[in-house]
Amino acid sequence: MAVCTVYTAQSLNSIPTPPKTHLGFNQKQVIFYTNTKRKSPNSKRSVTEISCSADKTVVIGLAADSGCGKSTFMRRLTSVFGGAAEPPKGGNPDSNTLISDTTTVICLDDYHSLDRTGRKEKGVTALDPRANNFDLMYEQVKAIKDGVAVDKPIYNHVSGLLDPPELIKPPKILVIEGLHPMYDARVRDLLDFSIYLDISNEVKFAWKIQRDMAERGHSLESIKASIEARKPDFDAYIDPQKQYADVVIEVLPTQQIPDDNEGKVLRVRLIMKEGVKYFNPVYLFDEGSTIDWIPCGRKLTCSYPGIKFAYSPDAFYGNEVSVLEMDGQFDRLDELIYVESHLSNISTKFYGEITQQMLKHSDFPGSSNGTGLFQTIVGLKIRDLFEQIVAARAAAPMAASKA
Amino acid sequence: MAAAVVGVSFSTPKVFAQITSSSKAQNSGKFSFINTPWRGCSTSFGHGRMVSLHPVAVVPDKLSDKVEESIKNAQETCSDDPVGGECAAAWDEVEELSAAASHARDRSKENSDPLENYCKDNPETEECRTYDN
(Lines give C-alpha, C1' and ligand atoms only; values in the text may rest on other atoms or scores of the structure.)
Protein backbone atom coordinates (compact mmCIF):
# COMPACT_ATOMS: atom_id res chain seq x y z
CA MET A 1 0.00 0.00 0.00
CA ALA A 2 1.43 3.33 -0.96
CA VAL A 3 1.40 6.13 1.53
CA CYS A 4 1.90 9.65 0.33
CA THR A 5 2.95 12.31 2.73
CA VAL A 6 2.71 15.99 1.97
CA TYR A 7 5.32 18.35 3.34
CA THR A 8 4.76 22.08 3.37
CA ALA A 9 7.65 24.41 4.05
CA GLN A 10 5.66 26.59 6.39
CA SER A 11 5.02 23.87 8.84
CA LEU A 12 8.71 23.10 9.17
CA ASN A 13 9.02 24.34 12.70
CA SER A 14 6.56 21.98 14.19
CA ILE A 15 6.16 18.30 13.82
CA PRO A 16 3.77 18.15 10.90
CA THR A 17 0.74 15.94 10.85
CA PRO A 18 0.39 15.62 7.12
CA PRO A 19 -2.68 14.20 5.51
CA LYS A 20 -2.10 10.66 4.41
CA THR A 21 -3.56 9.62 1.14
CA HIS A 22 -3.98 5.94 0.75
CA LEU A 23 -3.85 4.62 -2.72
CA GLY A 24 -4.75 1.14 -3.63
CA PHE A 25 -1.82 0.75 -6.01
CA ASN A 26 1.53 -0.80 -5.38
CA GLN A 27 3.50 1.60 -7.50
CA LYS A 28 4.75 5.07 -6.80
CA GLN A 29 2.26 7.70 -7.76
CA VAL A 30 2.93 11.38 -8.07
CA ILE A 31 0.01 13.62 -7.43
CA PHE A 32 -0.06 17.14 -8.73
CA TYR A 33 -2.31 19.66 -7.19
CA THR A 34 -2.19 23.39 -7.05
CA ASN A 35 -2.33 25.54 -4.01
CA THR A 36 -5.38 27.68 -4.56
CA LYS A 37 -5.58 31.26 -3.45
CA ARG A 38 -4.27 31.68 -0.01
CA LYS A 39 -3.63 35.38 -0.15
CA SER A 40 -2.52 36.99 3.03
CA PRO A 41 -0.60 40.27 3.26
CA ASN A 42 2.84 38.84 3.50
CA SER A 43 2.21 35.44 2.13
CA LYS A 44 5.26 33.61 0.94
CA ARG A 45 4.78 30.93 -1.64
CA SER A 46 4.63 27.79 0.38
CA VAL A 47 6.61 25.03 -1.21
CA THR A 48 4.71 21.83 -1.19
CA GLU A 49 6.63 18.66 -1.62
CA ILE A 50 4.92 15.38 -2.12
CA SER A 51 6.76 12.19 -1.63
CA CYS A 52 5.18 8.82 -2.07
CA SER A 53 6.89 5.86 -0.59
CA ALA A 54 5.61 2.43 -1.36
CA ASP A 55 6.92 1.05 1.91
CA LYS A 56 7.78 1.85 5.45
CA THR A 57 11.35 2.87 6.14
CA VAL A 58 13.80 0.09 6.92
CA VAL A 59 15.59 0.86 10.17
CA ILE A 60 19.09 -0.37 10.94
CA GLY A 61 20.79 0.06 14.31
CA LEU A 62 24.55 0.34 14.78
CA ALA A 63 26.06 0.35 18.26
CA ALA A 64 29.63 1.36 18.95
CA ASP A 65 31.64 3.43 21.36
CA SER A 66 32.99 6.88 21.22
CA GLY A 67 30.83 9.37 19.43
CA CYS A 68 29.35 9.25 16.02
CA GLY A 69 30.66 9.66 12.60
CA LYS A 70 31.63 6.05 12.64
CA SER A 71 32.22 7.44 9.24
CA THR A 72 34.16 4.51 7.90
CA PHE A 73 31.39 2.01 8.42
CA MET A 74 28.74 4.50 7.38
CA ARG A 75 30.58 5.51 4.26
CA ARG A 76 31.08 1.90 3.25
CA LEU A 77 27.44 1.15 3.90
CA THR A 78 26.06 4.12 2.00
CA SER A 79 28.50 3.46 -0.81
CA VAL A 80 27.07 -0.05 -1.24
CA PHE A 81 23.68 1.54 -1.81
CA GLY A 82 25.19 4.11 -4.11
CA GLY A 83 25.79 7.78 -3.56
CA ALA A 84 27.89 9.58 -1.04
CA ALA A 85 26.42 10.46 2.31
CA GLU A 86 26.89 14.05 3.34
CA PRO A 87 25.75 16.33 6.10
CA PRO A 88 22.51 18.13 5.21
CA LYS A 89 23.26 21.15 3.08
CA GLY A 90 22.37 24.55 4.39
CA GLY A 91 21.71 23.31 7.90
CA ASN A 92 23.65 23.40 11.12
CA PRO A 93 27.31 22.85 10.20
CA ASP A 94 27.80 20.81 13.35
CA SER A 95 24.96 18.47 12.52
CA ASN A 96 25.77 14.80 13.03
CA THR A 97 23.33 13.61 10.39
CA LEU A 98 24.43 12.16 7.05
CA ILE A 99 22.08 12.03 4.08
CA SER A 100 22.46 10.23 0.78
CA ASP A 101 19.90 9.30 -1.90
CA THR A 102 18.67 6.20 -0.19
CA THR A 103 20.02 6.42 3.30
CA THR A 104 19.87 8.77 6.24
CA VAL A 105 22.19 8.25 9.18
CA ILE A 106 21.14 9.66 12.52
CA CYS A 107 23.51 10.00 15.43
CA LEU A 108 21.88 8.96 18.70
CA ASP A 109 23.91 11.54 20.60
CA ASP A 110 21.24 13.93 19.37
CA TYR A 111 18.91 12.37 21.92
CA HIS A 112 21.00 13.37 24.91
CA SER A 113 18.71 14.77 27.56
CA LEU A 114 21.63 16.37 29.39
CA ASP A 115 24.17 18.53 27.65
CA ARG A 116 27.82 18.56 28.66
CA THR A 117 27.33 20.93 31.58
CA GLY A 118 24.27 19.03 32.75
CA ARG A 119 26.20 15.78 32.75
CA LYS A 120 29.10 17.35 34.61
CA GLU A 121 26.75 18.63 37.29
CA LYS A 122 25.10 15.30 37.78
CA GLY A 123 28.38 13.42 37.54
CA VAL A 124 27.04 11.25 34.73
CA THR A 125 28.78 10.10 31.55
CA ALA A 126 27.17 10.09 28.11
CA LEU A 127 27.11 6.30 28.36
CA ASP A 128 24.64 6.44 31.22
CA PRO A 129 21.00 5.97 30.19
CA ARG A 130 20.05 8.85 32.46
CA ALA A 131 21.73 11.21 30.03
CA ASN A 132 19.54 10.11 27.13
CA ASN A 133 15.93 10.67 26.25
CA PHE A 134 14.73 7.24 25.15
CA ASP A 135 11.09 8.30 24.96
CA LEU A 136 11.88 10.90 22.32
CA MET A 137 14.17 8.47 20.52
CA TYR A 138 11.41 5.87 20.34
CA GLU A 139 8.76 8.40 19.25
CA GLN A 140 10.84 9.87 16.48
CA VAL A 141 12.23 6.61 15.12
CA LYS A 142 8.69 5.22 15.10
CA ALA A 143 7.42 8.31 13.30
CA ILE A 144 10.13 8.11 10.65
CA LYS A 145 9.44 4.42 10.21
CA ASP A 146 5.78 5.25 9.62
CA GLY A 147 6.68 7.87 7.05
CA VAL A 148 6.30 11.02 9.11
CA ALA A 149 9.03 13.66 9.09
CA VAL A 150 10.34 14.76 12.47
CA ASP A 151 12.21 17.65 14.00
CA LYS A 152 15.17 15.99 15.56
CA PRO A 153 17.31 17.85 18.10
CA ILE A 154 20.98 18.33 17.35
CA TYR A 155 23.71 17.67 19.89
CA ASN A 156 26.69 19.84 19.07
CA HIS A 157 29.85 17.89 19.93
CA VAL A 158 32.02 20.98 19.75
CA SER A 159 30.07 23.21 22.10
CA GLY A 160 28.48 20.40 24.10
CA LEU A 161 25.07 22.03 23.83
CA LEU A 162 21.76 20.99 22.35
CA ASP A 163 21.15 23.03 19.20
CA PRO A 164 17.79 23.83 17.55
CA PRO A 165 16.26 20.86 15.76
CA GLU A 166 16.58 19.91 12.11
CA LEU A 167 13.97 18.32 9.91
CA ILE A 168 14.49 14.67 9.07
CA LYS A 169 12.41 13.26 6.24
CA PRO A 170 11.78 9.54 6.09
CA PRO A 171 14.31 7.90 3.79
CA LYS A 172 14.23 4.41 2.34
CA ILE A 173 16.79 3.29 4.88
CA LEU A 174 17.33 4.87 8.24
CA VAL A 175 20.47 4.03 10.17
CA ILE A 176 20.63 4.97 13.82
CA GLU A 177 24.15 4.88 15.13
CA GLY A 178 25.35 5.58 18.61
CA LEU A 179 25.84 4.18 22.05
CA HIS A 180 22.33 2.95 22.82
CA PRO A 181 20.42 1.84 19.73
CA MET A 182 19.45 -1.46 21.35
CA TYR A 183 19.22 -0.38 24.95
CA ASP A 184 15.55 0.52 25.00
CA ALA A 185 13.25 -2.43 24.27
CA ARG A 186 10.77 -0.36 22.27
CA VAL A 187 13.47 1.02 19.98
CA ARG A 188 14.91 -2.46 19.63
CA ASP A 189 11.61 -3.71 18.28
CA LEU A 190 11.62 -1.04 15.60
CA LEU A 191 14.96 -2.19 14.23
CA ASP A 192 14.89 -4.40 11.16
CA PHE A 193 18.56 -5.23 11.64
CA SER A 194 21.13 -4.43 14.26
CA ILE A 195 24.92 -4.42 14.37
CA TYR A 196 27.28 -4.14 17.31
CA LEU A 197 30.88 -3.11 16.80
CA ASP A 198 32.89 -4.67 19.61
CA ILE A 199 36.45 -3.41 19.89
CA SER A 200 38.60 -5.22 22.44
CA ASN A 201 40.41 -3.19 25.07
CA GLU A 202 43.89 -3.64 23.65
CA VAL A 203 42.84 -2.60 20.17
CA LYS A 204 40.84 0.31 21.57
CA PHE A 205 43.88 1.48 23.48
CA ALA A 206 46.12 1.20 20.41
CA TRP A 207 43.65 3.09 18.21
CA LYS A 208 43.10 5.82 20.75
CA ILE A 209 46.83 6.30 21.14
CA GLN A 210 47.13 6.77 17.40
CA ARG A 211 44.22 9.13 17.38
CA ASP A 212 45.11 11.26 20.38
CA MET A 213 48.89 11.36 20.62
CA ALA A 214 48.96 14.10 18.00
CA GLU A 215 46.69 16.14 20.21
CA ARG A 216 48.31 18.70 22.45
CA GLY A 217 47.78 17.92 26.11
CA HIS A 218 47.32 14.19 25.73
CA SER A 219 49.77 11.70 27.08
CA LEU A 220 49.77 7.93 27.42
CA GLU A 221 48.51 8.26 30.99
CA SER A 222 45.64 10.55 30.11
CA ILE A 223 44.49 8.26 27.31
CA LYS A 224 44.68 5.25 29.62
CA ALA A 225 42.85 7.12 32.40
CA SER A 226 40.13 8.16 30.01
CA ILE A 227 39.49 4.59 28.91
CA GLU A 228 39.59 3.28 32.48
CA ALA A 229 37.20 5.91 33.81
CA ARG A 230 34.60 5.13 31.16
CA LYS A 231 34.92 1.38 31.48
CA PRO A 232 32.44 0.78 34.33
CA ASP A 233 29.63 2.62 32.57
CA PHE A 234 30.55 1.01 29.28
CA ASP A 235 30.44 -2.49 30.72
CA ALA A 236 27.19 -1.81 32.52
CA TYR A 237 25.18 -0.11 29.80
CA ILE A 238 26.72 -0.51 26.37
CA ASP A 239 28.27 -3.96 26.35
CA PRO A 240 25.05 -5.87 27.20
CA GLN A 241 23.57 -4.70 23.91
CA LYS A 242 25.76 -7.33 22.26
CA GLN A 243 23.25 -10.05 23.01
CA TYR A 244 20.50 -8.33 21.05
CA ALA A 245 22.52 -7.61 17.93
CA ASP A 246 21.95 -9.64 14.77
CA VAL A 247 25.59 -9.19 13.83
CA VAL A 248 28.55 -8.50 16.10
CA ILE A 249 31.84 -7.44 14.56
CA GLU A 250 34.49 -8.23 17.15
CA VAL A 251 37.94 -6.72 16.69
CA LEU A 252 40.79 -8.36 18.58
CA PRO A 253 44.56 -8.22 18.48
CA THR A 254 46.14 -10.53 15.96
CA GLN A 255 47.35 -13.99 16.90
CA GLN A 256 49.66 -14.14 13.91
CA ILE A 257 52.24 -11.77 15.33
CA PRO A 258 53.37 -12.45 18.88
CA ASP A 259 53.19 -9.42 21.18
CA ASP A 260 51.85 -7.06 18.56
CA ASN A 261 50.64 -3.86 20.17
CA GLU A 262 50.32 -1.56 17.21
CA GLY A 263 46.84 -2.69 16.38
CA LYS A 264 47.51 -2.59 12.67
CA VAL A 265 47.13 -6.31 11.98
CA LEU A 266 43.85 -7.44 13.45
CA ARG A 267 41.81 -10.52 14.12
CA VAL A 268 38.22 -9.74 13.24
CA ARG A 269 35.28 -12.02 14.00
CA LEU A 270 31.93 -11.70 12.30
CA ILE A 271 29.37 -13.22 14.68
CA MET A 272 26.08 -13.73 12.87
CA LYS A 273 22.88 -14.74 14.59
CA GLU A 274 21.04 -17.67 13.08
CA GLY A 275 17.36 -17.52 12.30
CA VAL A 276 17.12 -13.80 11.64
CA LYS A 277 14.48 -13.01 9.06
CA TYR A 278 15.86 -12.05 5.64
CA PHE A 279 19.44 -12.62 6.79
CA ASN A 280 21.53 -15.60 5.70
CA PRO A 281 24.91 -15.80 7.42
CA VAL A 282 28.04 -15.85 5.33
CA TYR A 283 29.87 -19.17 5.37
CA LEU A 284 33.01 -20.84 4.17
CA PHE A 285 32.80 -24.03 2.10
CA ASP A 286 30.16 -25.87 4.12
CA GLU A 287 27.46 -24.27 6.18
CA GLY A 288 27.37 -25.36 9.79
CA SER A 289 30.71 -27.13 9.81
CA THR A 290 33.98 -26.00 11.35
CA ILE A 291 36.63 -24.86 8.91
CA ASP A 292 40.13 -23.52 9.33
CA TRP A 293 41.53 -22.08 6.17
CA ILE A 294 44.84 -20.54 5.24
CA PRO A 295 44.49 -19.34 1.65
CA CYS A 296 48.21 -18.70 1.24
CA GLY A 297 49.99 -21.58 -0.40
CA ARG A 298 50.58 -22.74 -3.92
CA LYS A 299 47.88 -20.74 -5.67
CA LEU A 300 48.29 -17.61 -3.63
CA THR A 301 51.41 -16.08 -2.19
CA CYS A 302 50.88 -13.80 0.78
CA SER A 303 53.30 -11.48 2.49
CA TYR A 304 53.97 -11.51 6.23
CA PRO A 305 51.98 -12.20 8.42
CA GLY A 306 49.64 -13.87 5.97
CA ILE A 307 45.93 -14.49 6.26
CA LYS A 308 44.05 -17.06 8.28
CA PHE A 309 40.33 -17.76 8.17
CA ALA A 310 38.10 -19.76 10.46
CA TYR A 311 34.40 -20.57 10.33
CA SER A 312 32.33 -22.43 12.87
CA PRO A 313 28.91 -22.60 14.49
CA ASP A 314 28.84 -21.39 18.07
CA ALA A 315 26.66 -20.14 20.88
CA PHE A 316 26.70 -16.49 21.89
CA TYR A 317 24.73 -15.27 24.90
CA GLY A 318 22.35 -18.14 24.50
CA ASN A 319 21.80 -17.60 20.79
CA GLU A 320 22.89 -19.87 17.98
CA VAL A 321 25.43 -18.10 15.83
CA SER A 322 27.85 -18.67 12.99
CA VAL A 323 31.27 -17.12 13.35
CA LEU A 324 33.48 -16.16 10.44
CA GLU A 325 36.92 -15.02 11.47
CA MET A 326 39.80 -13.40 9.64
CA ASP A 327 43.23 -12.86 11.11
CA GLY A 328 45.85 -11.02 9.10
CA GLN A 329 46.17 -8.48 6.38
CA PHE A 330 45.49 -8.12 2.68
CA ASP A 331 48.37 -6.74 0.69
CA ARG A 332 47.30 -7.26 -2.85
CA LEU A 333 44.22 -7.21 -4.96
CA ASP A 334 44.49 -10.87 -5.91
CA GLU A 335 44.47 -11.94 -2.26
CA LEU A 336 41.19 -10.15 -1.86
CA ILE A 337 39.52 -11.57 -4.93
CA TYR A 338 40.79 -15.07 -4.08
CA VAL A 339 39.22 -14.86 -0.63
CA GLU A 340 35.99 -13.42 -2.01
CA SER A 341 35.63 -16.24 -4.50
CA HIS A 342 35.67 -18.79 -1.69
CA LEU A 343 33.09 -17.15 0.58
CA SER A 344 29.45 -18.13 0.19
CA ASN A 345 26.19 -16.29 0.86
CA ILE A 346 27.86 -12.93 0.48
CA SER A 347 24.91 -11.38 -1.40
CA THR A 348 27.01 -9.81 -4.11
CA LYS A 349 25.33 -8.93 -7.38
CA PHE A 350 28.36 -9.80 -9.47
CA TYR A 351 31.66 -11.57 -9.06
CA GLY A 352 34.20 -9.31 -7.43
CA GLU A 353 31.76 -6.82 -5.94
CA ILE A 354 33.34 -6.97 -2.51
CA THR A 355 36.79 -6.41 -3.97
CA GLN A 356 35.49 -3.54 -6.02
CA GLN A 357 33.92 -1.91 -2.98
CA MET A 358 37.09 -2.35 -0.95
CA LEU A 359 39.17 -0.85 -3.72
CA LYS A 360 36.83 2.06 -4.08
CA HIS A 361 37.62 3.00 -0.52
CA SER A 362 41.18 1.80 -0.22
CA ASP A 363 42.07 4.97 1.67
CA PHE A 364 39.65 4.17 4.49
CA PRO A 365 41.06 2.68 7.65
CA GLY A 366 40.66 -1.08 7.82
CA SER A 367 40.84 -1.56 4.07
CA SER A 368 43.58 -4.10 4.34
CA ASN A 369 42.12 -6.27 7.08
CA GLY A 370 38.98 -7.93 8.33
CA THR A 371 37.32 -4.75 9.56
CA GLY A 372 36.95 -3.36 6.06
CA LEU A 373 36.08 -6.76 4.60
CA PHE A 374 33.38 -7.56 7.13
CA GLN A 375 31.96 -4.06 7.11
CA THR A 376 31.61 -4.32 3.34
CA ILE A 377 30.02 -7.76 3.64
CA VAL A 378 27.57 -6.48 6.27
CA GLY A 379 26.75 -3.61 3.92
CA LEU A 380 25.91 -6.07 1.16
CA LYS A 381 23.83 -8.20 3.55
CA ILE A 382 21.88 -5.10 4.54
CA ARG A 383 21.24 -4.29 0.91
CA ASP A 384 20.01 -7.83 0.42
CA LEU A 385 17.81 -7.55 3.50
CA PHE A 386 16.36 -4.28 2.26
CA GLU A 387 15.52 -5.74 -1.14
CA GLN A 388 13.90 -8.77 0.42
CA ILE A 389 11.78 -6.59 2.70
CA VAL A 390 10.68 -4.43 -0.21
CA ALA A 391 9.82 -7.50 -2.28
CA ALA A 392 7.88 -9.03 0.60
CA ARG A 393 5.87 -5.87 1.14
CA ALA A 394 5.07 -5.58 -2.54
CA ALA A 395 3.97 -9.19 -2.65
CA ALA A 396 1.70 -8.97 0.38
CA PRO A 397 -1.08 -6.73 -1.00
CA MET A 398 -0.99 -8.66 -4.27
CA ALA A 399 -1.59 -11.85 -2.35
CA ALA A 400 -4.32 -10.13 -0.36
CA SER A 401 -6.04 -8.91 -3.49
CA LYS A 402 -5.88 -12.36 -5.01
CA ALA A 403 -7.45 -13.98 -1.98
CA MET B 1 39.23 44.55 13.17
CA ALA B 2 42.34 45.33 15.10
CA ALA B 3 41.40 42.69 17.56
CA ALA B 4 41.15 40.19 14.76
CA VAL B 5 44.59 41.11 13.49
CA VAL B 6 46.02 40.80 16.95
CA GLY B 7 44.34 37.47 17.33
CA VAL B 8 45.89 36.21 14.14
CA SER B 9 49.36 37.34 15.05
CA PHE B 10 49.15 35.61 18.41
CA SER B 11 48.28 32.36 16.77
CA THR B 12 50.88 32.66 14.08
CA PRO B 13 53.69 30.76 15.79
CA LYS B 14 51.31 27.96 16.77
CA VAL B 15 49.78 27.75 13.34
CA PHE B 16 53.23 27.86 11.78
CA ALA B 17 54.36 24.99 13.97
CA GLN B 18 51.31 22.93 13.13
CA ILE B 19 51.71 23.53 9.44
CA THR B 20 55.33 22.44 9.47
CA SER B 21 54.38 19.36 11.38
CA SER B 22 51.68 18.45 8.91
CA SER B 23 54.27 18.88 6.14
CA LYS B 24 52.19 19.10 3.06
CA ALA B 25 53.39 20.97 0.01
CA GLN B 26 50.05 22.56 -0.53
CA ASN B 27 50.45 24.58 2.62
CA SER B 28 53.49 26.40 1.32
CA GLY B 29 51.32 28.83 -0.58
CA LYS B 30 49.71 29.80 2.66
CA PHE B 31 52.93 30.85 4.39
CA SER B 32 52.92 34.26 2.79
CA PHE B 33 49.41 34.77 3.99
CA ILE B 34 50.24 33.81 7.53
CA ASN B 35 53.37 35.90 7.84
CA THR B 36 51.70 39.03 6.60
CA PRO B 37 48.44 39.02 8.45
CA TRP B 38 47.95 42.74 7.95
CA ARG B 39 47.21 42.08 4.30
CA GLY B 40 43.75 41.01 5.29
CA CYS B 41 41.42 38.47 3.77
CA SER B 42 40.95 39.76 0.26
CA THR B 43 44.27 38.73 -1.23
CA SER B 44 44.36 35.20 0.05
CA PHE B 45 45.74 32.51 -2.22
CA GLY B 46 46.52 35.06 -4.90
CA HIS B 47 43.40 34.18 -6.86
CA GLY B 48 41.55 37.32 -5.92
CA ARG B 49 38.81 35.04 -4.68
CA MET B 50 37.34 35.97 -1.36
CA VAL B 51 38.06 33.26 1.11
CA SER B 52 37.06 33.83 4.68
CA LEU B 53 39.69 33.90 7.34
CA HIS B 54 39.68 30.59 9.17
CA PRO B 55 42.61 29.46 11.18
CA VAL B 56 44.42 27.19 8.79
CA ALA B 57 45.46 24.94 11.65
CA VAL B 58 44.63 21.32 11.15
CA VAL B 59 42.50 21.27 14.29
CA PRO B 60 40.71 24.51 15.12
CA ASP B 61 42.62 26.11 17.95
CA LYS B 62 39.45 26.43 19.97
CA LEU B 63 38.97 22.69 19.93
CA SER B 64 42.59 21.92 20.72
CA ASP B 65 42.47 24.29 23.64
CA LYS B 66 39.27 22.71 24.84
CA VAL B 67 40.84 19.26 24.77
CA GLU B 68 43.86 20.42 26.72
CA GLU B 69 41.70 22.23 29.24
CA SER B 70 39.40 19.28 29.72
CA ILE B 71 42.35 16.95 30.36
CA LYS B 72 43.71 19.25 33.06
CA ASN B 73 40.26 19.55 34.54
CA ALA B 74 39.78 15.78 34.56
CA GLN B 75 43.12 15.21 36.22
CA GLU B 76 42.23 17.68 38.92
CA THR B 77 38.76 16.30 39.50
CA CYS B 78 40.06 12.78 39.71
CA SER B 79 42.85 13.58 42.13
CA ASP B 80 40.18 14.58 44.65
CA ASP B 81 37.84 11.70 44.03
CA PRO B 82 39.08 8.87 41.83
CA VAL B 83 35.95 6.72 41.78
CA GLY B 84 33.10 9.21 41.79
CA GLY B 85 30.74 10.13 39.00
CA GLU B 86 32.42 13.49 38.48
CA CYS B 87 35.71 11.81 37.62
CA ALA B 88 34.03 9.57 35.06
CA ALA B 89 32.08 12.49 33.63
CA ALA B 90 35.26 14.55 33.32
CA TRP B 91 37.15 11.85 31.42
CA ASP B 92 34.07 11.23 29.29
CA GLU B 93 34.24 14.88 28.31
CA VAL B 94 37.90 14.45 27.38
CA GLU B 95 36.96 11.49 25.22
CA GLU B 96 34.16 13.40 23.52
CA LEU B 97 36.37 16.39 22.76
CA SER B 98 39.23 14.22 21.52
CA ALA B 99 36.83 12.47 19.17
CA ALA B 100 35.51 15.83 17.93
CA ALA B 101 39.08 17.06 17.45
CA SER B 102 40.05 14.01 15.45
CA HIS B 103 36.95 14.36 13.25
CA ALA B 104 37.79 18.00 12.70
CA ARG B 105 41.30 16.97 11.72
CA ASP B 106 39.95 14.45 9.21
CA ARG B 107 37.48 16.96 7.84
CA SER B 108 40.12 19.62 7.39
CA LYS B 109 42.31 17.12 5.56
CA GLU B 110 39.41 16.46 3.22
CA ASN B 111 38.59 20.12 2.74
CA SER B 112 42.11 21.39 2.35
CA ASP B 113 41.99 21.81 -1.42
CA PRO B 114 39.82 24.80 -2.38
CA LEU B 115 39.62 23.70 -6.00
CA GLU B 116 38.30 20.27 -5.02
CA ASN B 117 35.65 21.86 -2.85
CA TYR B 118 34.58 24.24 -5.59
CA CYS B 119 34.44 21.49 -8.18
CA LYS B 120 32.37 19.24 -5.94
CA ASP B 121 29.60 21.81 -6.11
CA ASN B 122 30.16 22.99 -9.67
CA PRO B 123 31.38 20.12 -11.82
CA GLU B 124 30.30 21.70 -15.11
CA THR B 125 32.44 24.82 -14.90
CA GLU B 126 35.52 25.32 -17.06
CA GLU B 127 38.03 24.47 -14.37
CA CYS B 128 36.27 21.34 -13.29
CA ARG B 129 35.30 19.52 -16.45
CA THR B 130 36.81 16.09 -16.81
CA TYR B 131 37.04 14.05 -19.96
CA ASP B 132 37.20 10.29 -19.97
CA ASN B 133 38.58 9.76 -23.43
Side-chain angles (χ1 to χ4, degrees), chain A residues 65-72 84 86-87 89 93-94 96 109 112 114 116-128 130-131 155-160 179 204 207-208 210-219 221-234 363-365, chain B residues 11 14-15 17-18 21-23 52 54 57-111 116-117 120-121 123:
Chain A
D65 189 12
S66 186
C68 297
K70 274 162 230 0
S71 21
T72 322
E86 281 163 1
K89 290 198 159 68
D94 290 321
N96 305 306
D109 283 353
H112 279 331
L114 300 168
R116 208 177 285 158
T117 0
R119 292 198 298 267
K120 224 192 299 208
E121 281 169 22
K122 290 218 168 144
V124 144
T125 62
L127 306 159
D128 197 313
R130 288 174 287 168
Y155 177 75
N156 189 320
H157 283 101
V158 176
S159 64
L179 296 163
K204 201 182 277 193
W207 282 1
K208 292 214 170 152
Q210 282 170 21
R211 186 191 74 180
D212 291 335
M213 279 310 261
E215 205 50 56
R216 209 179 350 123
H218 260 302
S219 61
E221 292 78 33
S222 67
I223 297 175
K224 197 147 183 243
S226 170
I227 298 181
E228 296 291 322
R230 297 173 83 239
K231 207 160 183 302
D233 275 353
F234 185 81
D363 53 330
F364 286 3
Chain B
S11 67
K14 216 189 300 174
V15 169
Q18 277 176 321
S21 67
S22 64
S23 67
S52 55
H54 290 303
V58 183
V59 177
D61 284 332
K62 236 175 34 152
L63 206 43
S64 267
D65 290 336
K66 277 191 173 174
V67 173
E68 208 178 354
E69 217 181 287
S70 67
I71 296 176
K72 280 201 207 104
N73 180 15
Q75 282 165 339
E76 280 168 30
T77 318
C78 290
S79 60
D80 305 328
D81 170 31
V83 282
E86 275 98 23
C87 181
W91 281 118
D92 188 43
E93 192 184 327
V94 171
E95 170 60 39
E96 195 189 338
L97 285 167
S98 309
S102 107
H103 291 146
R105 227 179 295 140
D106 292 337
R107 245 191 308 238
S108 77
K109 255 188 251 163
E110 275 177 43
N111 292 339
E116 275 300 327
N117 293 336
K120 221 185 337 179
D121 296 325

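All values derive from a computational prediction rather than experimental measurement. By convention in this document, chain letters (A, B, ...) are assigned in the order of the sequence lines, proteins followed by strands, and residues within each chain are numbered from 1.
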* **Which atoms of A:Val158 approach chain B - backbone, side chain, both or neither, heavy atom under 4.5 Å** =>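 When you check distances to chain B, atoms from both the backbone and side chain of A:Val158 fall under 4.5 Å.
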
* Can you say whether A:Arg119 sits under 4.5 Å from chain B via the side chain, the backbone, both, or neither, judging by heavy atoms? ->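 For A:Arg119, backbone and side chain are both near chain B.
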
Atom pair [atom1] ([X]) and [atom2] ([Y]), whose distance is rounded to the nearest 0.5 Å:
{"X": "A:Asp94", "Y": "B:His103", "atom1": "CG", "atom2": "NE2", "answer": "12.5 Å"}
{"X": "B:Ile71", "Y": "A:Ser226", "atom1": "CD1", "atom2": "OG", "answer": "8.5 Å"}
{"X": "A:Lys208", "Y": "B:Ser102", "atom1": "NZ", "atom2": "OG", "answer": "10.5 Å"}
{"X": "B:Ser98", "Y": "A:Arg211", "atom1": "OG", "atom2": "CZ", "answer": "5.5 Å"}

* Asked: Checking side-chain hydrogen bond (donor to acceptor under 3.5 Å, both in side chains) for the pair B:Ser64/A:Glu215: CA distance, chi angles, key distance, verdict?
  -> CA-CA 7 Å; B:Ser64 267; A:Glu215 205 50 56; 3.0 Å; yes

* **salt bridge (charged side-chain N to carboxylate O under 4.0 Å, His left out) contacts touching residues 66-77 of chain B (sequence neighbours left out)** =>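 Passing the test, one end in residues 66-77 of chain B: A:Arg216-B:Glu68.
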
* To do: Using modelled atom types only, decide if a donor and an acceptor are shared between the side chain of A:Arg116 and the backbone of B:Glu96 within a distance under 3.5 Å.
  =>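 Checked: no pair found.
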
Measure across [X] and [Y] and return the closest heavy-atom pair with its distance rounded to 0.1 Å.
{"X": "B:Ala89", "Y": "A:Val124", "result": "CB-O, 3.6 Å"}
{"X": "A:Ala229", "Y": "B:Trp91", "result": "CB-CD1, 3.5 Å"}
{"X": "B:Asp92", "Y": "A:Ala126", "result": "OD2-N, 2.6 Å"}

* Answer yes or no: does atom NZ of A:Lys204 have more than 12 heavy-atom neighbours from other residues, nucleotides or ligands under 6.0 Å? =>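 Counting neighbours around NZ of A:Lys204, more than 12 heavy atoms of other residues, nucleotides or ligands fall under 6.0 Å, so yes.
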
* Within 6.0 Å of CD in B:Glu116, more than 12 heavy atoms from elsewhere ->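 Atom CD in B:Glu116 is not crowded, with 12 or fewer foreign heavy atoms closer than 6.0 Å.
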
* Among all residues two or more places apart in sequence or in another chain, which pass the side chain to side chain contact (heavy atoms under 4.5 Å, CB included) test with B:Ala88? ->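 For B:Ala88, the residues satisfying side chain to side chain contact (heavy atoms under 4.5 Å, CB included) (neighbours in sequence not counted) are A:Thr125.
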
* **Ion pair check, B:Glu86 and A:Lys120, cut-off under 4.0 Å** =>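 Here B:Glu86 does not pair with A:Lys120 in a salt bridge, since their nearest N and O are not under 4.0 Å apart.
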
